[in-house]
Amino acid sequence: MEVFDTLTKFQKVLNKNHTNRTIGCVPTMGALHDGHLSLIKQAKNENDIVVVSIFVNPTQFNNNSDLLNYPKTLEADLALLEQIGCDIVFTPSVLEMYPHGEVSESFNFDGLELEMEGKFRPGHFDGVGTIVKRLLEIVKPTNAYFGEKDYQQLLIIKKMVSELKMPINIVPCPIFREANGLAMSSRNERLTAEHRDEANLIYKCLLNVKSDFKKKTIKELNSEVKAIFKNHSFFDLEYFVIADTQSLKPAKSINPNLEYRAFIATYAGEIRLIDNITL
Ligand code: PAF
């Protein structure tokens, strides 16, 4: 496994040794868990070589303490990547990725950026778009892998790649869960043991919504979820939304020709968690 922290060396190797080979790219912010590893395994099965980037992108954090506290476990990450057979790891510095200062481009993602996370994390998707565009321009992968836990991010990246006419296939990867159902996330490491146990409530709630989806109205489902979280002292629900899987517009009633997902964002103590499910 080769590890590069500068752009010039990294690009030199990519251009010299890997032309005419399919490249699978898995962009990450490190603190790798089994969810990331499942993306990397899929990339390994579907490409000649796999490039993983580890970069905690400052411009996508709208909250400075979240950025400062984001787990950084580079040595352990590299050991896992070596073990799993990753070919190349790119671990650039902030200066390398933002030579002209930590500023995001402004994107128009057709309104996708205004829903859910966009409402609560202003500027987040401009930051994600900026860094993912830059990484994809550098790596020029055949396939790039993104988890469905960040479903809104996945749609936005698909949109960006199609608008920019980048010849890259964006591959959605299923949510990976801990034994109790909590969606895997690097942020889970920061939960107290008690909050981590109790956080299975999120998935339980999503499963209930899924089983009641055809039996109840959207209004009833919304009220039920809000009531469950309200009665729980650990959680502070930020949003629960049932939205169609293409526009992400909140549904008021069900159109049988559309597909839907339910989305949750909640604080468990200090830690913000998100999850979603197909309905
Ligand atoms: O999902 C993430 O880990 C990040 O948003 C990404 C895609 C690596 C961009 O920084």
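Counting starts at 1 for both ligands and their atoms, in listed order. Given the structure is predicted, the values throughout are model-derived calculations rather than measurements.
- H33 and E189 are not linked by any side-chain donor-acceptor pair at a separation below 3.5 angstrom, with hydrogens and angles left out of the test.
- Defined by atom type and a distance below 3.5 Å, a donor-acceptor pair is present between the side-chain atoms of Q60 and N57.
- Cluster note: I84 groups with M1, V3, V26, L32, L37, L39, I40, V50, V52, I54, L74, L78, L80, L81, V89, Y145, V171 through ILVMFWY side-chain heavy atoms spaced under 4.5 Å, whether in direct contact or through intervening members.
- Counting Ile, Leu, Val, Met, Phe, Trp and Tyr side chains that sit under 4.5 Å apart, directly or through other members, I175 stands alone, with no cluster partners.
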Give every pair made of an N or O atom of ligand 1 and a protein N or O atom lying under 3.5 Å apart, one pair per line with both atom names and the distance to 0.1 Å, or write 'none'.
residue	atom	partner	partner atom	Å
ligand 1	1 (O)	Q153	NE2	2.8
ligand 1	5 (O)	Q60	NE2	2.9
ligand 1	5 (O)	Q153	OE1	2.7
ligand 1	10 (O)	Q60	OE1	2.6

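- Apart from L68 itself, the hydrophobic cluster it occupies contains nothing, where clustering links Ile, Leu, Val, Met, Phe, Trp and Tyr at side-chain heavy-atom distances under 4.5 Å.
- A side-chain donor-acceptor contact under 3.5 Å links Y98 and T59.
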